[in-house]
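Within every chain, numbering begins at 1; the chains are lettered A, B, ... in the order of the sequence lines, protein sequences first and strands thereafter.
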Protein chains: 2
Amino acid sequence: MAADAALTRAQILQAADDLFYAEGLASVSLDRIAARAGVTKKTVYYHFRSKDDLLGEYLQARRGPVLERYRNWAGTTGTVAERMRRMYRKLAEASADPNWRGCGFIRAACELAHLPGHPAAAVARLHKAEFETWLRSMLEEEGRSDSEPLARALLIILDGAIVETLIHRRRDYALAGGEAAIALLHGPVERQPAEKDVRTLAA
Amino acid sequence: MAADAALTRAQILQAADDLFYAEGLASVSLDRIAARAGVTKKTVYYHFRSKDDLLGEYLQARRGPVLERYRNWAGTTGTVAERMRRMYRKLAEASADPNWRGCGFIRAACELAHLPGHPAAAVARLHKAEFETWLRSMLEEEGRSDSEPLARALLIILDGAIVETLIHRRRDYALAGGEAAIALLHGPVERQPAEKDVRTLAA
DNA sequence: AAGTAAACTCACCGATGAGTGTAGCTGCAT
DNA sequence: ATGCAGCTACACTCATCGGTGAGTTTACTT
(Lines give C-alpha, C1' and ligand atoms only; values in the text may rest on other atoms or scores of the structure.)
Protein backbone atom coordinates (compact mmCIF):
# COMPACT_ATOMS: atom_id res chain seq x y z
CA MET A 1 0.00 0.00 0.00
CA ALA A 2 2.18 2.75 1.33
CA ALA A 3 -0.81 4.93 0.57
CA ASP A 4 -0.04 8.25 2.12
CA ALA A 5 2.12 8.75 5.14
CA ALA A 6 -0.29 11.23 6.64
CA LEU A 7 -3.19 8.90 5.99
CA THR A 8 -1.46 5.98 7.68
CA ARG A 9 -0.64 8.17 10.61
CA ALA A 10 -4.23 9.28 10.84
CA GLN A 11 -5.42 5.69 10.76
CA ILE A 12 -3.08 4.76 13.58
CA LEU A 13 -4.29 7.74 15.56
CA GLN A 14 -7.89 6.73 14.90
CA ALA A 15 -7.24 3.18 16.06
CA ALA A 16 -5.48 4.53 19.13
CA ASP A 17 -8.44 6.77 19.85
CA ASP A 18 -10.92 3.92 19.53
CA LEU A 19 -9.00 1.56 21.75
CA PHE A 20 -7.55 3.94 24.33
CA TYR A 21 -10.91 5.59 24.92
CA ALA A 22 -12.73 2.29 25.04
CA GLU A 23 -10.35 0.32 27.22
CA GLY A 24 -7.88 2.62 28.85
CA LEU A 25 -4.22 3.43 28.33
CA ALA A 26 -2.24 0.70 29.98
CA SER A 27 -4.43 -2.20 29.02
CA VAL A 28 -4.26 -1.53 25.28
CA SER A 29 -1.15 -2.77 23.53
CA LEU A 30 0.52 -1.38 20.48
CA ASP A 31 0.01 -4.75 18.84
CA ARG A 32 -3.71 -4.30 19.01
CA ILE A 33 -3.58 -0.72 17.82
CA ALA A 34 -1.41 -1.73 14.89
CA ALA A 35 -3.75 -4.59 14.03
CA ARG A 36 -6.77 -2.31 14.15
CA ALA A 37 -5.05 0.29 12.01
CA GLY A 38 -4.12 -2.42 9.52
CA VAL A 39 -0.40 -1.87 9.82
CA THR A 40 2.58 -3.49 11.43
CA LYS A 41 3.75 -2.52 14.86
CA LYS A 42 6.96 -1.32 13.32
CA THR A 43 4.96 1.11 11.21
CA VAL A 44 3.50 2.51 14.39
CA TYR A 45 7.02 3.00 15.64
CA TYR A 46 7.90 4.67 12.41
CA HIS A 47 5.29 7.34 13.02
CA PHE A 48 5.56 7.58 16.79
CA ARG A 49 8.60 7.43 18.99
CA SER A 50 7.03 5.30 21.71
CA LYS A 51 3.77 4.30 23.26
CA ASP A 52 3.95 7.28 25.60
CA ASP A 53 4.43 9.51 22.61
CA LEU A 54 1.39 8.01 20.89
CA LEU A 55 -0.61 8.50 24.07
CA GLY A 56 0.23 12.17 24.09
CA GLU A 57 -0.59 12.60 20.42
CA TYR A 58 -3.85 10.75 20.79
CA LEU A 59 -5.02 13.09 23.53
CA GLN A 60 -3.70 16.10 21.69
CA ALA A 61 -5.75 15.16 18.65
CA ARG A 62 -8.86 14.93 20.81
CA ARG A 63 -8.59 18.43 22.23
CA GLY A 64 -10.23 20.29 19.38
CA PRO A 65 -13.08 17.88 18.66
CA VAL A 66 -14.02 17.46 22.31
CA LEU A 67 -14.13 21.17 23.04
CA GLU A 68 -16.09 21.67 19.85
CA ARG A 69 -18.64 19.08 20.87
CA TYR A 70 -19.26 20.78 24.20
CA ARG A 71 -19.56 24.11 22.42
CA ASN A 72 -22.20 22.63 20.17
CA TRP A 73 -24.00 21.10 23.08
CA ALA A 74 -24.07 24.42 24.89
CA GLY A 75 -25.10 26.41 21.83
CA THR A 76 -24.58 30.11 21.42
CA THR A 77 -27.93 31.52 22.40
CA GLY A 78 -29.38 32.49 25.74
CA THR A 79 -27.79 32.93 29.12
CA VAL A 80 -24.92 30.84 30.39
CA ALA A 81 -27.39 29.06 32.65
CA GLU A 82 -29.48 28.11 29.65
CA ARG A 83 -26.42 26.93 27.79
CA MET A 84 -25.36 24.80 30.71
CA ARG A 85 -28.81 23.31 30.90
CA ARG A 86 -28.61 22.29 27.26
CA MET A 87 -25.08 21.04 27.66
CA TYR A 88 -25.86 18.81 30.62
CA ARG A 89 -28.95 17.51 28.91
CA LYS A 90 -26.84 16.45 25.96
CA LEU A 91 -24.27 14.99 28.28
CA ALA A 92 -26.93 12.90 29.93
CA GLU A 93 -28.05 11.69 26.53
CA ALA A 94 -24.54 10.84 25.46
CA SER A 95 -23.83 8.98 28.69
CA ALA A 96 -26.66 6.57 27.93
CA ASP A 97 -24.62 5.15 25.06
CA PRO A 98 -23.00 1.93 26.27
CA ASN A 99 -19.81 3.01 24.53
CA TRP A 100 -19.65 6.19 26.56
CA ARG A 101 -16.72 6.11 28.95
CA GLY A 102 -16.65 9.58 30.45
CA CYS A 103 -13.92 12.10 29.74
CA GLY A 104 -10.82 10.67 28.11
CA PHE A 105 -8.70 13.45 29.57
CA ILE A 106 -9.81 12.78 33.12
CA ARG A 107 -9.32 9.07 32.70
CA ALA A 108 -5.87 9.58 31.24
CA ALA A 109 -4.94 11.88 34.10
CA CYS A 110 -6.16 9.30 36.61
CA GLU A 111 -4.24 6.51 34.99
CA LEU A 112 -1.10 8.63 34.78
CA ALA A 113 -1.46 10.14 38.23
CA HIS A 114 1.91 8.74 39.23
CA LEU A 115 3.63 10.28 36.20
CA PRO A 116 2.85 14.01 36.35
CA GLY A 117 5.53 14.67 33.74
CA HIS A 118 3.98 12.37 31.17
CA PRO A 119 3.21 14.10 27.86
CA ALA A 120 -0.41 12.93 27.98
CA ALA A 121 -0.82 14.36 31.48
CA ALA A 122 0.36 17.70 30.20
CA VAL A 123 -2.16 17.58 27.37
CA ALA A 124 -4.95 16.80 29.82
CA ARG A 125 -3.96 19.86 31.85
CA LEU A 126 -3.99 21.95 28.74
CA HIS A 127 -7.42 20.75 27.73
CA LYS A 128 -8.94 21.49 31.10
CA ALA A 129 -7.37 24.93 31.18
CA GLU A 130 -8.76 25.61 27.71
CA PHE A 131 -12.18 24.44 28.78
CA GLU A 132 -12.09 26.70 31.80
CA THR A 133 -11.12 29.61 29.58
CA TRP A 134 -14.07 28.93 27.32
CA LEU A 135 -16.42 28.94 30.30
CA ARG A 136 -14.93 32.15 31.60
CA SER A 137 -15.26 33.90 28.27
CA MET A 138 -18.95 32.96 28.18
CA LEU A 139 -19.44 34.37 31.65
CA GLU A 140 -17.59 37.52 30.76
CA GLU A 141 -19.72 37.99 27.67
CA GLU A 142 -22.65 37.89 30.01
CA GLY A 143 -21.08 40.64 32.07
CA ARG A 144 -20.32 38.63 35.15
CA SER A 145 -17.86 40.26 37.48
CA ASP A 146 -16.94 37.02 39.21
CA SER A 147 -16.37 35.09 36.03
CA GLU A 148 -13.07 33.63 37.14
CA PRO A 149 -14.14 31.69 40.24
CA LEU A 150 -17.45 30.91 38.61
CA ALA A 151 -15.84 29.39 35.54
CA ARG A 152 -13.66 27.26 37.75
CA ALA A 153 -16.68 26.14 39.73
CA LEU A 154 -18.52 25.22 36.55
CA LEU A 155 -15.56 23.18 35.37
CA ILE A 156 -15.37 21.39 38.70
CA ILE A 157 -19.06 20.58 38.61
CA LEU A 158 -18.86 19.27 35.08
CA ASP A 159 -15.94 16.99 35.83
CA GLY A 160 -17.60 15.77 38.99
CA ALA A 161 -20.82 15.07 37.15
CA ILE A 162 -18.98 13.13 34.45
CA VAL A 163 -17.07 11.08 37.00
CA GLU A 164 -20.14 10.26 39.04
CA THR A 165 -22.12 9.37 35.94
CA LEU A 166 -19.32 7.05 34.95
CA ILE A 167 -19.11 5.44 38.37
CA HIS A 168 -22.82 4.86 38.78
CA ARG A 169 -23.61 4.49 35.11
CA ARG A 170 -26.75 6.51 35.70
CA ARG A 171 -27.46 9.74 33.93
CA ASP A 172 -29.14 11.13 37.02
CA TYR A 173 -25.76 12.36 38.08
CA ALA A 174 -25.25 14.25 34.84
CA LEU A 175 -28.60 15.95 35.32
CA ALA A 176 -27.84 16.65 38.96
CA GLY A 177 -24.63 18.31 37.85
CA GLY A 178 -26.59 20.50 35.49
CA GLU A 179 -28.92 21.59 38.24
CA ALA A 180 -26.02 22.34 40.54
CA ALA A 181 -24.38 24.45 37.85
CA ILE A 182 -27.57 26.39 37.24
CA ALA A 183 -28.17 26.88 40.93
CA LEU A 184 -24.68 28.26 41.30
CA LEU A 185 -25.19 30.65 38.41
CA HIS A 186 -28.32 31.98 40.06
CA GLY A 187 -26.67 32.00 43.46
CA PRO A 188 -26.09 34.84 45.87
CA VAL A 189 -22.48 35.35 44.92
CA GLU A 190 -23.36 36.34 41.41
CA ARG A 191 -24.28 39.73 40.06
CA GLN A 192 -25.94 39.10 36.75
CA PRO A 193 -26.65 42.60 35.45
CA ALA A 194 -29.61 41.85 33.23
CA GLU A 195 -31.17 38.51 32.55
CA LYS A 196 -31.96 39.59 28.99
CA ASP A 197 -28.36 39.95 27.93
CA VAL A 198 -28.80 38.82 24.35
CA ARG A 199 -26.09 40.88 22.76
CA THR A 200 -23.97 37.76 22.70
CA LEU A 201 -25.30 36.65 19.38
CA ALA A 202 -27.14 37.83 16.32
CA ALA A 203 -29.50 34.91 16.29
CA MET B 1 7.57 -17.90 59.12
CA ALA B 2 3.96 -18.95 58.78
CA ALA B 3 3.28 -16.19 61.27
CA ASP B 4 -0.44 -15.66 61.29
CA ALA B 5 -2.67 -16.10 58.32
CA ALA B 6 -4.67 -12.98 59.07
CA LEU B 7 -1.50 -10.98 59.52
CA THR B 8 -0.05 -12.15 56.23
CA ARG B 9 -3.29 -11.29 54.53
CA ALA B 10 -3.23 -7.85 56.09
CA GLN B 11 0.33 -7.31 54.94
CA ILE B 12 -0.59 -8.24 51.39
CA LEU B 13 -3.52 -5.88 51.52
CA GLN B 14 -1.28 -3.13 52.84
CA ALA B 15 1.23 -3.67 50.08
CA ALA B 16 -1.59 -3.67 47.55
CA ASP B 17 -2.89 -0.43 48.99
CA ASP B 18 0.51 1.23 48.83
CA LEU B 19 1.20 0.22 45.27
CA PHE B 20 -2.26 0.41 43.73
CA TYR B 21 -2.86 3.86 45.15
CA ALA B 22 0.58 5.08 44.20
CA GLU B 23 0.81 3.69 40.69
CA GLY B 24 -2.58 2.53 39.52
CA LEU B 25 -4.23 -0.81 39.05
CA ALA B 26 -3.03 -2.22 35.75
CA SER B 27 0.55 -1.10 36.00
CA VAL B 28 1.22 -2.80 39.33
CA SER B 29 1.98 -6.50 39.13
CA LEU B 30 1.29 -9.15 41.71
CA ASP B 31 5.00 -9.89 41.71
CA ARG B 32 5.70 -6.44 43.04
CA ILE B 33 2.92 -6.62 45.59
CA ALA B 34 4.18 -9.98 46.80
CA ALA B 35 7.72 -8.66 47.02
CA ARG B 36 6.60 -5.62 48.99
CA ALA B 37 4.53 -7.74 51.34
CA GLY B 38 7.51 -10.01 51.85
CA VAL B 39 5.77 -13.12 50.57
CA THR B 40 5.71 -15.23 47.44
CA LYS B 41 3.25 -14.66 44.66
CA LYS B 42 1.80 -18.06 45.42
CA THR B 43 0.99 -16.89 48.92
CA VAL B 44 -0.92 -14.00 47.43
CA TYR B 45 -2.89 -16.50 45.39
CA TYR B 46 -3.55 -18.52 48.50
CA HIS B 47 -5.27 -15.54 50.11
CA PHE B 48 -6.88 -14.06 47.02
CA ARG B 49 -8.46 -15.79 44.11
CA SER B 50 -7.07 -13.47 41.44
CA LYS B 51 -5.72 -10.02 40.83
CA ASP B 52 -9.23 -8.75 40.19
CA ASP B 53 -10.30 -10.21 43.50
CA LEU B 54 -7.41 -8.50 45.28
CA LEU B 55 -8.33 -5.24 43.58
CA GLY B 56 -11.84 -5.48 44.94
CA GLU B 57 -10.68 -6.34 48.42
CA TYR B 58 -8.16 -3.54 48.42
CA LEU B 59 -10.83 -0.98 47.62
CA GLN B 60 -13.27 -2.58 50.03
CA ALA B 61 -10.72 -2.25 52.81
CA ARG B 62 -10.29 1.43 52.02
CA ARG B 63 -13.97 2.31 52.31
CA GLY B 64 -14.11 2.71 56.05
CA PRO B 65 -10.84 4.59 56.58
CA VAL B 66 -11.46 7.00 53.71
CA LEU B 67 -14.95 7.92 54.82
CA GLU B 68 -13.67 8.29 58.36
CA ARG B 69 -10.95 10.64 57.23
CA TYR B 70 -13.43 12.91 55.50
CA ARG B 71 -15.65 12.81 58.56
CA ASN B 72 -12.73 13.95 60.67
CA TRP B 73 -11.84 16.65 58.22
CA ALA B 74 -15.38 17.98 58.27
CA GLY B 75 -15.74 17.75 62.03
CA THR B 76 -19.03 17.60 63.86
CA THR B 77 -19.58 21.21 64.84
CA GLY B 78 -21.18 24.10 63.04
CA THR B 79 -23.24 24.26 59.90
CA VAL B 80 -22.73 22.03 56.92
CA ALA B 81 -21.19 24.98 55.14
CA GLU B 82 -18.64 25.34 57.91
CA ARG B 83 -17.89 21.65 57.81
CA MET B 84 -17.38 21.76 54.09
CA ARG B 85 -15.07 24.69 54.48
CA ARG B 86 -12.92 22.73 56.94
CA MET B 87 -13.06 19.63 54.80
CA TYR B 88 -11.89 21.35 51.65
CA ARG B 89 -9.18 23.15 53.55
CA LYS B 90 -7.86 19.83 54.76
CA LEU B 91 -8.19 18.39 51.29
CA ALA B 92 -6.10 21.23 49.92
CA GLU B 93 -3.47 20.53 52.58
CA ALA B 94 -3.44 16.82 51.83
CA SER B 95 -3.16 17.41 48.10
CA ALA B 96 0.11 19.24 48.63
CA ASP B 97 1.74 15.97 49.64
CA PRO B 98 3.65 14.67 46.61
CA ASN B 99 2.34 11.20 47.41
CA TRP B 100 -1.24 12.39 47.12
CA ARG B 101 -2.93 10.87 44.09
CA GLY B 102 -6.54 11.94 44.43
CA CYS B 103 -9.35 9.54 45.16
CA GLY B 104 -8.50 5.88 44.78
CA PHE B 105 -12.13 5.03 44.08
CA ILE B 106 -12.43 7.50 41.25
CA ARG B 107 -9.16 6.39 39.76
CA ALA B 108 -10.17 2.76 39.99
CA ALA B 109 -13.50 3.52 38.33
CA CYS B 110 -11.71 5.39 35.55
CA GLU B 111 -9.27 2.58 34.95
CA LEU B 112 -12.06 0.01 34.97
CA ALA B 113 -14.48 2.08 32.93
CA HIS B 114 -14.63 -0.64 30.30
CA LEU B 115 -15.46 -3.32 32.88
CA PRO B 116 -18.56 -2.06 34.72
CA GLY B 117 -19.06 -5.49 36.23
CA HIS B 118 -15.66 -5.59 37.85
CA PRO B 119 -15.80 -6.16 41.62
CA ALA B 120 -13.67 -3.08 42.26
CA ALA B 121 -16.04 -0.96 40.18
CA ALA B 122 -18.92 -2.15 42.31
CA VAL B 123 -17.02 -1.20 45.47
CA ALA B 124 -16.33 2.26 44.07
CA ARG B 125 -20.04 2.72 43.42
CA LEU B 126 -20.80 1.61 46.94
CA HIS B 127 -18.32 4.03 48.43
CA LYS B 128 -19.68 6.99 46.52
CA ALA B 129 -23.23 6.08 47.46
CA GLU B 130 -22.18 5.84 51.09
CA PHE B 131 -20.46 9.19 50.88
CA GLU B 132 -23.55 10.78 49.40
CA THR B 133 -25.65 9.30 52.20
CA TRP B 134 -23.34 10.81 54.78
CA LEU B 135 -23.65 14.21 53.16
CA ARG B 136 -27.41 13.92 53.01
CA SER B 137 -27.69 12.95 56.66
CA MET B 138 -25.69 16.03 57.60
CA LEU B 139 -27.99 18.22 55.55
CA GLU B 140 -31.05 16.60 57.06
CA GLU B 141 -29.70 17.14 60.55
CA GLU B 142 -29.53 20.77 59.62
CA GLY B 143 -33.16 20.66 58.63
CA ARG B 144 -32.70 21.12 54.90
CA SER B 145 -35.72 20.19 52.88
CA ASP B 146 -33.75 19.73 49.66
CA SER B 147 -31.10 17.54 51.22
CA GLU B 148 -31.24 14.95 48.48
CA PRO B 149 -30.29 17.02 45.42
CA LEU B 150 -27.99 19.11 47.58
CA ALA B 151 -26.08 16.10 48.85
CA ARG B 152 -25.65 14.90 45.30
CA ALA B 153 -24.43 18.31 44.25
CA LEU B 154 -21.92 18.38 47.09
CA LEU B 155 -20.61 14.96 46.09
CA ILE B 156 -20.26 16.05 42.49
CA ILE B 157 -18.38 19.17 43.49
CA LEU B 158 -16.05 17.23 45.74
CA ASP B 159 -15.19 14.70 43.06
CA GLY B 160 -14.72 17.42 40.50
CA ALA B 161 -12.44 19.34 42.83
CA ILE B 162 -10.36 16.25 43.53
CA VAL B 163 -10.03 15.43 39.85
CA GLU B 164 -9.07 18.96 38.88
CA THR B 165 -6.59 19.20 41.71
CA LEU B 166 -5.06 15.96 40.49
CA ILE B 167 -4.91 17.10 36.88
CA HIS B 168 -3.38 20.49 37.60
CA ARG B 169 -1.53 19.50 40.73
CA ARG B 170 -2.54 22.80 42.25
CA ARG B 171 -4.55 23.06 45.40
CA ASP B 172 -6.34 26.13 44.07
CA TYR B 173 -8.86 23.78 42.58
CA ALA B 174 -9.53 22.12 45.91
CA LEU B 175 -10.15 25.50 47.47
CA ALA B 176 -12.29 26.58 44.52
CA GLY B 177 -14.38 23.47 45.06
CA GLY B 178 -14.88 24.42 48.67
CA GLU B 179 -16.07 27.86 47.72
CA ALA B 180 -18.45 26.43 45.15
CA ALA B 181 -19.87 24.05 47.73
CA ILE B 182 -20.39 26.84 50.23
CA ALA B 183 -21.93 29.11 47.62
CA LEU B 184 -24.35 26.37 46.73
CA LEU B 185 -25.29 25.84 50.36
CA HIS B 186 -26.07 29.52 50.69
CA GLY B 187 -27.77 29.60 47.32
CA PRO B 188 -31.30 30.61 46.40
CA VAL B 189 -32.58 27.07 46.09
CA GLU B 190 -31.92 26.40 49.72
CA ARG B 191 -34.15 27.10 52.68
CA GLN B 192 -31.87 27.04 55.65
CA PRO B 193 -34.26 27.57 58.56
CA ALA B 194 -31.91 29.38 60.90
CA GLU B 195 -28.25 30.10 60.43
CA LYS B 196 -27.66 29.43 64.12
CA ASP B 197 -28.76 25.84 63.94
CA VAL B 198 -26.37 24.48 66.51
CA ARG B 199 -28.56 21.74 67.89
CA THR B 200 -26.54 19.33 65.81
CA LEU B 201 -24.03 18.86 68.55
CA ALA B 202 -23.41 19.45 72.22
CA ALA B 203 -20.08 21.17 71.68
C1' DA C 1 17.17 3.35 -16.10
C1' DA C 2 19.45 4.00 -11.94
C1' DG C 3 19.48 5.99 -7.47
C1' DT C 4 17.50 7.27 -3.22
C1' DA C 5 14.89 8.27 0.69
C1' DA C 6 10.54 7.64 2.79
C1' DA C 7 7.21 4.19 4.16
C1' DC C 8 6.45 -0.15 5.29
C1' DT C 9 6.68 -5.57 6.46
C1' DC C 10 8.34 -9.89 8.71
C1' DA C 11 10.41 -12.03 12.19
C1' DC C 12 12.33 -11.53 16.25
C1' DC C 13 14.20 -10.04 21.29
C1' DG C 14 14.43 -9.91 26.34
C1' DA C 15 11.41 -8.82 29.97
C1' DT C 16 7.49 -9.38 32.42
C1' DG C 17 2.58 -10.41 32.99
C1' DA C 18 -1.05 -13.60 35.53
C1' DG C 19 -1.49 -17.83 37.19
C1' DT C 20 0.06 -22.93 38.78
C1' DG C 21 2.23 -27.74 40.36
C1' DT C 22 4.61 -29.59 43.79
C1' DA C 23 6.85 -29.95 47.75
C1' DG C 24 8.13 -28.34 52.41
C1' DC C 25 7.22 -26.07 56.73
C1' DT C 26 4.44 -24.80 60.89
C1' DG C 27 1.39 -25.48 64.77
C1' DC C 28 -2.34 -28.08 66.77
C1' DA C 29 -5.36 -31.90 67.90
C1' DT C 30 -5.24 -36.64 69.00
C1' DA D 1 4.73 -39.18 67.88
C1' DT D 2 1.83 -38.52 64.40
C1' DG D 3 -1.54 -37.01 61.24
C1' DC D 4 -3.37 -33.20 58.98
C1' DA D 5 -4.71 -28.64 58.18
C1' DG D 6 -3.18 -24.14 57.05
C1' DC D 7 0.37 -21.67 55.04
C1' DT D 8 4.51 -20.59 52.36
C1' DA D 9 8.61 -21.26 49.03
C1' DC D 10 10.70 -22.47 44.58
C1' DA D 11 10.42 -23.14 40.05
C1' DC D 12 7.85 -23.18 36.38
C1' DT D 13 4.18 -22.30 32.09
C1' DC D 14 2.37 -19.74 28.49
C1' DA D 15 0.97 -15.39 26.65
C1' DT D 16 1.94 -10.86 25.79
C1' DC D 17 4.36 -6.67 26.38
C1' DG D 18 7.26 -2.57 24.36
C1' DG D 19 10.62 -2.21 21.27
C1' DT D 20 14.04 -3.56 17.29
C1' DG D 21 17.16 -5.43 13.10
C1' DA D 22 17.23 -6.14 8.61
C1' DG D 23 15.29 -6.18 4.50
C1' DT D 24 11.46 -4.75 0.92
C1' DT D 25 8.32 -1.85 -1.63
C1' DT D 26 6.81 2.68 -3.30
C1' DA D 27 7.25 7.24 -5.36
C1' DC D 28 9.97 10.64 -6.90
C1' DT D 29 14.26 12.57 -8.79
C1' DT D 30 17.82 12.90 -12.20
Q. Please, which pairs that meet side chain to side chain donor-acceptor pair (under 3.5 Å) have at least one residue in residues 92-117 of chain B, sequence neighbours excluded?
A. none
**Q.** side-chain contact (heavy atoms from CB on, under 4.5 Å) partners of A:Leu67, counting only residues at least two apart
**A.** A:Arg71, A:Glu130, A:Phe131, A:Trp134
Q: Quick one: list whatever passes side-chain contact (heavy atoms from CB on, under 4.5 Å) with B:Glu82, sequence neighbours left out.
A: B:Thr79
Q: Calculate the interatomic distance between B:Ile33 atom CD1 and C:dG19 atom P; express it in whole Å.
A: 11 Å
Q.
OP1 or OP2 of D:dG6 versus the side-chain N and O atoms of B:His47: is any pair under 4.0 Å?
A. no
Q: Please list all pairs passing the salt bridge (Lys or Arg N to Asp or Glu O under 4.0 Å) test where one or both residues lie in residues 8-37 of chain B, with sequence neighbours left out.
A: B:Arg9-B:Glu57, B:Asp17-B:Arg62, B:Asp18-B:Arg36, B:Glu23-B:Arg32, B:Asp31-B:Lys41
Q | Nearest to side-chain heavy atoms of A:Tyr45, which nucleotide of C:dA18, D:dG18, C:dC8 | A | D:dG18
Q) OP1 or OP2 of D:dT8 less than 4.0 angstrom from a side-chain nitrogen or oxygen of B:Thr8, does that happen here? A) yes
Q: Look at the side-chain N and O atoms of B:Tyr46 and state whether any lies under 4.0 Å from the OP1 or OP2 oxygen of D:dC7.
A: yes
Q.
Within the 4.5 Å heavy-atom criterion, are B:Leu13 and B:Gln60 side-chain neighbours or not?
A. no
Q.
Within the 4.5 Å heavy-atom criterion, are A:Val39 and A:His47 side-chain neighbours or not?
A. no
Q) Once you round it to whole Å, what is the distance between P of C:dA18 and CZ of B:Phe48? A) 15 Å
Q | Distance, nearest 0.5 Å, that separates OG of A:Ser137 from CD of A:Glu132 | A | 11.0 Å
Q | Whole angstrom value for the distance that separates P of D:dA27 from CG of A:Leu7 | A | 13 Å
Q. Is the shortest heavy-atom distance from the side chain of A:Leu91 to the side chain of A:Leu158 under 4.5 Å?
A. yes
Q. So do B:Leu185 and B:Arg144 actually touch side chain to side chain, heavy atoms under 4.5 Å?
A. yes
Q) Looking at B:Thr43, does any N or O in its side chain come under 4.0 Å of the phosphate oxygens OP1/OP2 on D:dA9? A) yes
Q.
I need a per-nucleotide contact map over nucleotides 11-17 of chain D, read 5' to 3'. Cutoff is protein heavy atoms under 4.0 Å; write B for the base, S for backbone only, - otherwise.
A. ------S
Q | Interface residues of residues 9-25 of chain A with DNA chain C (non-hydrogen, below 4.0 angstrom) | A | none
(Q) From CG of B:Asp53 over to P of C:dA18, roughly how many Å is that when rounded to an integer? (A) 14 Å
